[in-house]
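Each remark here refers to the structure printed beneath this line.
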Amino acid sequence: MPAVVLIGSQWGDEGKGKITDYLAEKADVVVRYQGGNNAGHTVVVDNQEFKLHLIPSGILYPGSTCIIGNGVVIDPQVLVEELEYLEKRGICTDSLKLSLRAHLIMPYHIRLDELEEERKGVNKIGTTRRGIGPAYMDKAARIGIRLVDLLDEEEFAERLKRNLDEKNNLFNKIYETEGFEFTEIFERYRGYLPKMRKYITDTSVIIHQFLSEKKNVLFEGAQGTLLDMDHGTYPYVTSSHPVAGAACIGAGVGPSEINKTIGVVKSYTTRVGEGPFPTELLDEQGDFIRRQGHEFGTTTGRPRRCGWLDVVILRYAARINGLNSIAITKLDVLDNIERIKICTAYDYRGEVLTEFPASLKVLAECKPIYEEFEGWMADTTTARCYEDLPPKAKMYLERISGLIKVPASIIAVGPKREQTIIREAIFTR
Ligand code: IMP
(Lines give C-alpha, C1' and ligand atoms only; values in the text may rest on other atoms or scores of the structure.)
Protein backbone atom coordinates (compact mmCIF):
# COMPACT_ATOMS: atom_id res chain seq x y z
CA MET A 1 0.00 0.00 0.00
CA PRO A 2 2.57 2.59 -1.00
CA ALA A 3 0.70 5.94 -1.26
CA VAL A 4 -1.48 6.82 1.71
CA VAL A 5 -3.21 10.09 2.56
CA LEU A 6 -3.89 10.78 6.23
CA ILE A 7 -6.38 13.55 7.01
CA GLY A 8 -8.29 15.01 9.95
CA SER A 9 -11.99 14.05 9.89
CA GLN A 10 -13.29 16.73 12.26
CA TRP A 11 -12.17 20.31 13.02
CA GLY A 12 -8.47 19.49 13.33
CA ASP A 13 -6.52 18.48 16.44
CA GLU A 14 -7.61 14.84 16.04
CA GLY A 15 -4.16 13.56 16.98
CA LYS A 16 -2.84 13.27 13.43
CA GLY A 17 0.70 13.98 14.64
CA LYS A 18 0.77 10.83 16.67
CA ILE A 19 -0.63 8.66 13.87
CA THR A 20 1.70 10.24 11.30
CA ASP A 21 4.56 9.64 13.63
CA TYR A 22 3.56 5.99 13.98
CA LEU A 23 3.22 5.48 10.23
CA ALA A 24 6.39 7.49 9.54
CA GLU A 25 8.40 4.68 11.06
CA LYS A 26 7.66 2.60 7.96
CA ALA A 27 7.21 5.44 5.47
CA ASP A 28 10.05 6.25 3.11
CA VAL A 29 8.75 9.75 2.67
CA VAL A 30 6.29 12.00 4.54
CA VAL A 31 4.76 14.89 2.60
CA ARG A 32 2.88 17.92 3.89
CA TYR A 33 0.65 19.39 1.21
CA GLN A 34 -1.31 22.34 2.68
CA GLY A 35 -1.53 24.80 5.55
CA GLY A 36 1.45 26.25 7.33
CA ASN A 37 2.50 26.89 10.88
CA ASN A 38 -1.15 27.20 11.93
CA ALA A 39 -0.88 23.43 12.46
CA GLY A 40 0.83 21.99 15.46
CA HIS A 41 1.48 18.56 16.77
CA THR A 42 3.04 17.13 19.84
CA VAL A 43 4.84 13.83 19.44
CA VAL A 44 6.34 11.80 22.26
CA VAL A 45 9.38 9.71 21.32
CA ASP A 46 11.30 7.76 23.98
CA ASN A 47 9.62 9.88 26.67
CA GLN A 48 10.81 13.04 24.94
CA GLU A 49 8.18 15.50 23.79
CA PHE A 50 8.58 17.28 20.44
CA LYS A 51 6.34 20.15 19.33
CA LEU A 52 6.34 20.85 15.60
CA HIS A 53 4.29 23.28 13.52
CA LEU A 54 5.67 23.13 10.01
CA ILE A 55 8.14 20.30 9.56
CA PRO A 56 6.49 16.85 9.25
CA SER A 57 7.04 14.68 12.31
CA GLY A 58 8.65 12.10 9.99
CA ILE A 59 11.81 14.14 10.58
CA LEU A 60 12.16 12.30 13.89
CA TYR A 61 12.94 9.10 11.92
CA PRO A 62 16.41 8.96 10.39
CA GLY A 63 15.19 6.75 7.53
CA SER A 64 12.43 8.93 6.13
CA THR A 65 12.55 11.89 3.76
CA CYS A 66 10.35 14.82 4.79
CA ILE A 67 8.78 17.04 2.20
CA ILE A 68 7.03 20.38 2.46
CA GLY A 69 5.07 20.49 -0.77
CA ASN A 70 4.06 23.34 -3.05
CA GLY A 71 0.64 23.65 -1.36
CA VAL A 72 2.13 24.69 1.99
CA VAL A 73 2.74 28.33 2.94
CA ILE A 74 6.11 28.75 4.65
CA ASP A 75 7.06 31.33 7.25
CA PRO A 76 10.86 31.15 6.90
CA GLN A 77 11.42 32.49 10.40
CA VAL A 78 9.38 29.63 11.86
CA LEU A 79 11.10 27.14 9.59
CA VAL A 80 14.58 28.26 10.63
CA GLU A 81 13.58 28.23 14.32
CA GLU A 82 12.15 24.73 13.98
CA LEU A 83 15.32 23.51 12.24
CA GLU A 84 17.43 24.94 15.06
CA TYR A 85 15.14 23.43 17.70
CA LEU A 86 15.45 19.98 16.11
CA GLU A 87 19.22 20.25 15.65
CA LYS A 88 19.64 21.33 19.27
CA ARG A 89 17.77 18.21 20.33
CA GLY A 90 20.04 16.00 18.27
CA ILE A 91 17.70 15.40 15.31
CA CYS A 92 19.31 15.38 11.87
CA THR A 93 17.34 17.53 9.42
CA ASP A 94 19.24 16.62 6.24
CA SER A 95 16.30 14.69 4.81
CA LEU A 96 14.06 17.77 4.61
CA LYS A 97 13.01 19.03 1.17
CA LEU A 98 11.14 22.27 0.48
CA SER A 99 9.21 22.86 -2.72
CA LEU A 100 10.47 25.63 -4.99
CA ARG A 101 6.81 26.41 -5.65
CA ALA A 102 5.75 26.86 -2.00
CA HIS A 103 4.60 30.38 -1.16
CA LEU A 104 6.14 32.49 1.58
CA ILE A 105 4.35 34.01 4.53
CA MET A 106 5.58 37.61 4.72
CA PRO A 107 5.51 39.93 7.77
CA TYR A 108 2.66 41.92 6.21
CA HIS A 109 0.54 38.77 6.00
CA ILE A 110 0.82 38.27 9.75
CA ARG A 111 -0.04 41.92 10.41
CA LEU A 112 -3.01 41.76 8.02
CA ASP A 113 -4.29 38.60 9.71
CA GLU A 114 -4.23 40.40 13.09
CA LEU A 115 -5.75 43.61 11.78
CA GLU A 116 -8.55 41.80 9.96
CA GLU A 117 -9.45 39.77 13.04
CA GLU A 118 -9.58 42.95 15.11
CA ARG A 119 -11.61 44.75 12.47
CA LYS A 120 -14.15 41.92 12.30
CA GLY A 121 -14.78 42.16 16.08
CA VAL A 122 -17.55 39.76 17.10
CA ASN A 123 -17.55 38.29 13.59
CA LYS A 124 -13.90 37.29 13.80
CA ILE A 125 -12.87 33.85 12.47
CA GLY A 126 -10.65 33.08 15.45
CA THR A 127 -7.59 32.49 13.24
CA THR A 128 -4.21 31.48 14.58
CA ARG A 129 -2.95 34.92 13.45
CA ARG A 130 0.01 33.36 11.67
CA GLY A 131 -0.70 35.11 8.36
CA ILE A 132 -2.06 31.97 6.70
CA GLY A 133 -5.20 33.51 5.16
CA PRO A 134 -3.48 36.60 3.71
CA ALA A 135 -0.66 34.44 2.27
CA TYR A 136 -3.17 32.23 0.43
CA MET A 137 -5.08 35.36 -0.64
CA ASP A 138 -1.94 36.67 -2.36
CA LYS A 139 -1.35 33.27 -3.94
CA ALA A 140 -4.85 33.34 -5.45
CA ALA A 141 -4.40 37.01 -6.41
CA ARG A 142 -1.21 35.99 -8.27
CA ILE A 143 1.00 38.36 -6.33
CA GLY A 144 2.44 35.84 -3.86
CA ILE A 145 6.18 35.29 -3.44
CA ARG A 146 7.48 31.74 -3.76
CA LEU A 147 10.68 30.10 -2.57
CA VAL A 148 11.89 30.07 -6.18
CA ASP A 149 11.54 33.88 -6.18
CA LEU A 150 13.46 34.24 -2.94
CA LEU A 151 16.39 32.40 -4.54
CA ASP A 152 16.58 35.05 -7.28
CA GLU A 153 17.70 38.32 -5.68
CA GLU A 154 16.37 40.57 -8.45
CA GLU A 155 13.05 38.79 -8.74
CA PHE A 156 12.57 38.84 -4.98
CA ALA A 157 13.36 42.57 -4.76
CA GLU A 158 10.93 43.38 -7.55
CA ARG A 159 8.08 41.30 -6.16
CA LEU A 160 8.62 42.57 -2.65
CA LYS A 161 8.60 46.19 -3.84
CA ARG A 162 5.37 45.69 -5.78
CA ASN A 163 3.73 44.03 -2.78
CA LEU A 164 4.89 46.70 -0.36
CA ASP A 165 3.59 49.50 -2.59
CA GLU A 166 0.17 47.91 -2.46
CA LYS A 167 0.20 46.71 1.14
CA ASN A 168 1.64 49.89 2.64
CA ASN A 169 -1.12 51.82 0.94
CA LEU A 170 -3.60 49.53 2.62
CA PHE A 171 -1.92 49.82 6.02
CA ASN A 172 -1.74 53.62 5.82
CA LYS A 173 -5.08 54.45 4.24
CA ILE A 174 -7.43 51.69 5.36
CA TYR A 175 -6.02 50.48 8.65
CA GLU A 176 -4.42 53.83 9.54
CA THR A 177 -1.27 52.21 10.74
CA GLU A 178 2.39 52.16 9.73
CA GLY A 179 3.56 50.02 6.83
CA PHE A 180 6.72 47.97 6.32
CA GLU A 181 10.16 48.97 5.21
CA PHE A 182 11.63 47.30 2.10
CA THR A 183 15.24 46.93 3.25
CA GLU A 184 14.37 45.37 6.60
CA ILE A 185 12.25 42.62 5.01
CA PHE A 186 14.55 42.16 2.03
CA GLU A 187 17.61 41.61 4.20
CA ARG A 188 15.87 39.52 6.80
CA TYR A 189 14.35 37.16 4.22
CA ARG A 190 17.54 36.87 2.12
CA GLY A 191 19.27 36.24 5.47
CA TYR A 192 17.22 33.05 5.96
CA LEU A 193 18.61 31.61 2.72
CA PRO A 194 21.95 30.23 3.94
CA LYS A 195 19.98 28.09 6.39
CA MET A 196 17.29 27.06 3.87
CA ARG A 197 18.98 26.83 0.48
CA LYS A 198 20.17 23.23 0.69
CA TYR A 199 16.63 21.97 1.28
CA ILE A 200 14.94 23.78 -1.63
CA THR A 201 14.19 21.63 -4.67
CA ASP A 202 11.51 20.40 -7.08
CA THR A 203 9.74 18.14 -4.59
CA SER A 204 7.22 16.68 -7.06
CA VAL A 205 10.12 15.06 -8.95
CA ILE A 206 11.33 13.43 -5.73
CA ILE A 207 7.86 12.17 -4.78
CA HIS A 208 7.44 10.66 -8.25
CA GLN A 209 10.75 8.90 -7.92
CA PHE A 210 9.59 7.32 -4.64
CA LEU A 211 6.23 6.37 -6.17
CA SER A 212 7.83 4.79 -9.23
CA GLU A 213 10.00 2.68 -6.94
CA LYS A 214 6.85 1.57 -5.05
CA LYS A 215 8.18 3.10 -1.87
CA ASN A 216 5.90 3.99 1.04
CA VAL A 217 4.67 7.56 0.68
CA LEU A 218 2.61 9.22 3.40
CA PHE A 219 0.75 12.44 2.61
CA GLU A 220 0.08 14.18 5.90
CA GLY A 221 -2.90 16.55 6.03
CA ALA A 222 -3.05 19.44 8.49
CA GLN A 223 -6.19 20.86 10.16
CA GLY A 224 -9.38 18.90 9.40
CA THR A 225 -12.23 18.36 6.93
CA LEU A 226 -14.52 20.93 8.56
CA LEU A 227 -11.83 23.61 8.23
CA ASP A 228 -11.64 23.03 4.46
CA MET A 229 -12.33 26.14 2.40
CA ASP A 230 -14.89 24.36 0.20
CA HIS A 231 -16.22 21.60 2.42
CA GLY A 232 -15.85 23.07 5.90
CA THR A 233 -18.01 25.34 8.02
CA TYR A 234 -17.39 28.36 5.79
CA PRO A 235 -16.46 31.12 6.62
CA TYR A 236 -15.11 29.61 9.87
CA VAL A 237 -12.46 27.67 7.99
CA THR A 238 -8.80 27.89 7.16
CA SER A 239 -7.67 29.20 3.77
CA SER A 240 -6.40 25.91 2.34
CA HIS A 241 -7.83 22.46 1.63
CA PRO A 242 -7.27 19.97 4.43
CA VAL A 243 -9.26 17.28 2.55
CA ALA A 244 -7.61 14.27 0.93
CA GLY A 245 -8.06 15.49 -2.65
CA ALA A 246 -5.73 18.40 -1.92
CA ALA A 247 -2.82 15.99 -1.50
CA CYS A 248 -2.65 15.74 -5.28
CA ILE A 249 -2.54 19.48 -5.89
CA GLY A 250 -0.39 20.37 -2.90
CA ALA A 251 2.22 17.71 -3.61
CA GLY A 252 2.11 17.53 -7.39
CA VAL A 253 0.83 13.99 -7.94
CA GLY A 254 -2.19 12.64 -9.84
CA PRO A 255 -5.23 11.03 -8.14
CA SER A 256 -4.42 7.66 -9.72
CA GLU A 257 -1.27 7.51 -7.56
CA ILE A 258 -3.18 7.41 -4.25
CA ASN A 259 -3.92 3.96 -2.85
CA LYS A 260 -5.58 4.63 0.48
CA THR A 261 -7.13 7.43 2.51
CA ILE A 262 -7.21 7.26 6.30
CA GLY A 263 -9.30 9.65 8.38
CA VAL A 264 -8.14 10.43 11.89
CA VAL A 265 -11.12 10.54 14.25
CA LYS A 266 -10.86 11.73 17.83
CA SER A 267 -13.14 9.73 20.18
CA TYR A 268 -15.01 12.96 20.90
CA THR A 269 -15.18 16.31 19.10
CA THR A 270 -13.23 19.54 19.60
CA ARG A 271 -12.99 22.84 17.82
CA VAL A 272 -10.92 25.98 18.24
CA GLY A 273 -11.98 29.33 16.91
CA GLU A 274 -15.51 30.50 16.24
CA GLY A 275 -18.53 28.92 14.54
CA PRO A 276 -21.41 26.53 15.36
CA PHE A 277 -20.66 23.19 17.03
CA PRO A 278 -23.83 21.09 17.60
CA THR A 279 -22.46 18.61 20.18
CA GLU A 280 -20.50 21.20 22.19
CA LEU A 281 -20.63 20.64 25.95
CA LEU A 282 -20.67 23.92 27.82
CA ASP A 283 -20.91 22.21 31.20
CA GLU A 284 -18.76 20.29 33.67
CA GLN A 285 -18.67 17.30 31.28
CA GLY A 286 -17.01 19.49 28.62
CA ASP A 287 -14.49 20.79 31.19
CA PHE A 288 -13.73 17.22 32.25
CA ILE A 289 -12.99 16.14 28.66
CA ARG A 290 -10.84 19.27 28.13
CA ARG A 291 -8.79 18.47 31.25
CA GLN A 292 -8.49 14.74 30.56
CA GLY A 293 -7.64 15.28 26.89
CA HIS A 294 -5.30 18.28 27.49
CA GLU A 295 -7.37 20.13 24.93
CA PHE A 296 -5.38 23.33 24.64
CA GLY A 297 -3.97 24.44 21.26
CA THR A 298 -0.36 23.46 20.42
CA THR A 299 0.00 26.60 18.32
CA THR A 300 -1.94 29.22 20.28
CA GLY A 301 -2.50 27.64 23.72
CA ARG A 302 -6.22 28.42 23.41
CA PRO A 303 -8.63 26.11 25.30
CA ARG A 304 -10.43 23.95 22.75
CA ARG A 305 -14.21 23.70 22.77
CA CYS A 306 -15.17 20.08 23.58
CA GLY A 307 -18.23 17.92 22.85
CA TRP A 308 -19.50 14.40 22.16
CA LEU A 309 -18.58 12.49 19.02
CA ASP A 310 -20.62 13.64 16.02
CA VAL A 311 -21.22 10.92 13.44
CA VAL A 312 -23.03 13.28 11.05
CA ILE A 313 -19.65 14.97 10.65
CA LEU A 314 -17.83 11.66 10.29
CA ARG A 315 -20.18 10.34 7.59
CA TYR A 316 -19.63 13.61 5.74
CA ALA A 317 -15.85 13.31 6.14
CA ALA A 318 -15.98 9.69 4.91
CA ARG A 319 -17.77 10.83 1.77
CA ILE A 320 -15.77 13.98 1.01
CA ASN A 321 -12.41 12.29 1.55
CA GLY A 322 -13.30 8.82 0.25
CA LEU A 323 -12.09 7.24 3.50
CA ASN A 324 -11.11 3.56 3.31
CA SER A 325 -10.10 3.42 6.92
CA ILE A 326 -10.15 5.41 10.16
CA ALA A 327 -7.69 5.86 13.01
CA ILE A 328 -9.52 6.49 16.29
CA THR A 329 -7.50 8.53 18.79
CA LYS A 330 -7.66 9.46 22.47
CA LEU A 331 -9.97 6.61 23.45
CA ASP A 332 -8.40 6.71 26.93
CA VAL A 333 -9.79 10.23 27.52
CA LEU A 334 -13.25 8.62 27.87
CA ASP A 335 -12.05 5.97 30.38
CA ASN A 336 -13.77 7.56 33.39
CA ILE A 337 -17.07 8.72 31.96
CA GLU A 338 -20.14 6.82 33.15
CA ARG A 339 -22.37 7.57 30.18
CA ILE A 340 -21.03 8.41 26.73
CA LYS A 341 -23.04 9.83 23.85
CA ILE A 342 -22.71 9.68 20.06
CA CYS A 343 -24.66 12.10 17.88
CA THR A 344 -26.19 10.15 14.98
CA ALA A 345 -28.38 12.85 13.38
CA TYR A 346 -29.57 16.42 13.91
CA ASP A 347 -32.99 17.72 14.80
CA TYR A 348 -33.55 20.88 12.79
CA ARG A 349 -36.88 22.51 13.65
CA GLY A 350 -38.46 19.05 14.06
CA GLU A 351 -36.91 17.61 10.88
CA VAL A 352 -34.30 14.84 11.16
CA LEU A 353 -31.13 15.70 9.23
CA THR A 354 -28.64 12.94 8.48
CA GLU A 355 -26.43 14.94 6.11
CA PHE A 356 -24.18 17.76 7.27
CA PRO A 357 -25.87 21.07 6.28
CA ALA A 358 -24.12 23.68 4.12
CA SER A 359 -25.82 26.61 5.85
CA LEU A 360 -24.25 27.75 9.09
CA LYS A 361 -27.57 29.24 10.13
CA VAL A 362 -29.13 25.78 9.86
CA LEU A 363 -26.17 24.15 11.63
CA ALA A 364 -26.43 26.66 14.48
CA GLU A 365 -30.04 25.56 15.08
CA CYS A 366 -29.32 21.81 14.85
CA LYS A 367 -29.89 19.87 18.04
CA PRO A 368 -27.97 16.62 18.30
CA ILE A 369 -29.91 13.33 18.40
CA TYR A 370 -27.90 11.04 20.64
CA GLU A 371 -27.33 7.36 21.18
CA GLU A 372 -26.16 6.66 24.74
CA PHE A 373 -23.58 4.12 25.87
CA GLU A 374 -22.50 2.85 29.22
CA GLY A 375 -18.91 3.93 29.78
CA TRP A 376 -16.30 1.19 30.32
CA MET A 377 -14.92 2.87 33.47
CA ALA A 378 -11.57 1.09 33.08
CA ASP A 379 -8.03 2.02 32.11
CA THR A 380 -7.33 1.51 28.40
CA THR A 381 -3.87 3.12 28.37
CA THR A 382 -2.11 -0.21 28.84
CA ALA A 383 -4.01 -2.03 26.07
CA ARG A 384 -1.65 -3.09 23.29
CA CYS A 385 -4.01 -5.19 21.15
CA TYR A 386 -7.72 -5.00 20.41
CA GLU A 387 -8.46 -7.96 22.68
CA ASP A 388 -7.00 -6.03 25.65
CA LEU A 389 -9.75 -3.41 25.45
CA PRO A 390 -12.79 -3.58 27.79
CA PRO A 391 -15.87 -5.03 25.99
CA LYS A 392 -17.80 -1.75 26.35
CA ALA A 393 -14.95 0.20 24.74
CA LYS A 394 -14.97 -2.27 21.85
CA MET A 395 -18.74 -1.77 21.51
CA TYR A 396 -18.19 2.00 21.29
CA LEU A 397 -15.53 1.60 18.59
CA GLU A 398 -17.58 -0.90 16.62
CA ARG A 399 -20.60 1.36 16.73
CA ILE A 400 -18.55 4.23 15.27
CA SER A 401 -17.26 2.08 12.41
CA GLY A 402 -20.74 0.62 11.87
CA LEU A 403 -22.38 4.03 11.69
CA ILE A 404 -19.94 5.43 9.14
CA LYS A 405 -19.30 2.12 7.37
CA VAL A 406 -15.53 2.50 7.50
CA PRO A 407 -13.30 0.07 9.43
CA ALA A 408 -10.92 1.27 12.15
CA SER A 409 -7.36 0.24 11.33
CA ILE A 410 -5.64 2.06 14.21
CA ILE A 411 -6.73 2.89 17.76
CA ALA A 412 -4.70 5.19 20.02
CA VAL A 413 -4.94 4.88 23.80
CA GLY A 414 -2.33 7.44 24.87
CA PRO A 415 0.31 9.81 23.52
CA LYS A 416 3.23 7.36 23.39
CA ARG A 417 4.16 5.36 20.31
CA GLU A 418 3.55 2.06 22.05
CA GLN A 419 0.03 3.15 23.04
CA THR A 420 -1.22 2.31 19.56
CA ILE A 421 -3.34 -0.68 18.58
CA ILE A 422 -2.94 -1.76 14.98
CA ARG A 423 -5.75 -3.76 13.39
CA GLU A 424 -4.50 -3.53 9.82
CA ALA A 425 -0.92 -2.92 8.73
CA ILE A 426 -0.89 0.20 6.55
CA PHE A 427 2.70 0.02 5.31
CA THR A 428 4.77 -3.10 4.95
CA ARG A 429 8.47 -3.20 4.29
P1 IMP B 1 -6.10 30.12 10.21
O2 IMP B 1 -5.78 28.80 9.61
O3 IMP B 1 -5.07 30.63 11.16
O4 IMP B 1 -6.49 31.15 9.17
O5 IMP B 1 -7.42 29.95 11.11
C6 IMP B 1 -8.69 29.66 10.54
C7 IMP B 1 -9.47 28.68 11.42
O8 IMP B 1 -8.83 27.41 11.39
C9 IMP B 1 -9.54 29.08 12.89
O10 IMP B 1 -10.79 28.65 13.42
C11 IMP B 1 -8.42 28.29 13.52
O12 IMP B 1 -8.63 28.07 14.89
C13 IMP B 1 -8.53 27.00 12.73
N14 IMP B 1 -7.28 26.24 12.68
C15 IMP B 1 -6.17 26.52 11.95
N16 IMP B 1 -5.24 25.58 12.14
C17 IMP B 1 -5.75 24.69 13.00
C18 IMP B 1 -5.26 23.46 13.56
O19 IMP B 1 -4.15 22.99 13.29
N20 IMP B 1 -6.11 22.82 14.41
C21 IMP B 1 -7.36 23.29 14.68
N22 IMP B 1 -7.84 24.41 14.19
C23 IMP B 1 -7.05 25.10 13.34
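In each ligand, atom 1 is the first atom listed, and ligand 1 is the first ligand listed.
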Tabulation required: pairs of a nitrogen or oxygen in ligand 1 and a protein nitrogen or oxygen under 3.5 Å; columns are atom names and distance to 0.1 Å; otherwise 'none'.
{"unit_1": "ligand 1", "atom_1": "2 (O)", "unit_2": "N38", "atom_2": "ND2", "d": "2.9"}
{"unit_1": "ligand 1", "atom_1": "2 (O)", "unit_2": "T238", "atom_2": "OG1", "d": "2.6"}
{"unit_1": "ligand 1", "atom_1": "3 (O)", "unit_2": "T128", "atom_2": "N", "d": "2.8"}
{"unit_1": "ligand 1", "atom_1": "3 (O)", "unit_2": "T128", "atom_2": "OG1", "d": "2.6"}
{"unit_1": "ligand 1", "atom_1": "10 (O)", "unit_2": "V272", "atom_2": "O", "d": "3.4"}
{"unit_1": "ligand 1", "atom_1": "12 (O)", "unit_2": "G126", "atom_2": "O", "d": "3.3"}
{"unit_1": "ligand 1", "atom_1": "12 (O)", "unit_2": "R302", "atom_2": "NH2", "d": "3.0"}
{"unit_1": "ligand 1", "atom_1": "16 (N)", "unit_2": "N38", "atom_2": "O", "d": "3.4"}
{"unit_1": "ligand 1", "atom_1": "16 (N)", "unit_2": "Q223", "atom_2": "NE2", "d": "3.3"}
{"unit_1": "ligand 1", "atom_1": "19 (O)", "unit_2": "N38", "atom_2": "O", "d": "3.3"}
{"unit_1": "ligand 1", "atom_1": "20 (N)", "unit_2": "D13", "atom_2": "OD1", "d": "3.1"}
{"unit_1": "ligand 1", "atom_1": "20 (N)", "unit_2": "D13", "atom_2": "OD2", "d": "3.4"}

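- Note on residues 10-67: pairs passing ring-ring contact (aromatic ring centres under 6.0 Å, His included), not counting sequence neighbours, are W11-F277.
- Annotation: cation-pi geometry not satisfied between K367 and Y346 (NZ/CZ under 6.0 angstrom from ring centroid, within 45° of ring axis).
- The existence of a salt bridge linking K124 and E274 is confirmed by a sub-4.0 Å separation between a basic side-chain nitrogen and an acidic carboxylate oxygen.
- Salt-bridge formation is not detected for the pair E166/R162: no Lys NZ or Arg NE/NH1/NH2 atom is positioned less than 4.0 Å from an Asp or Glu carboxylate oxygen.
- R111 forms a cation-pi arrangement with F171, by the criterion of a distance under 6.0 Å to the ring centre and an angle within 45° of the ring axis.
- Between R129 and E118, at least one side-chain nitrogen of the basic residue sits less than 4.0 Å from a carboxylate oxygen of the acidic one, meeting the salt-bridge criterion.
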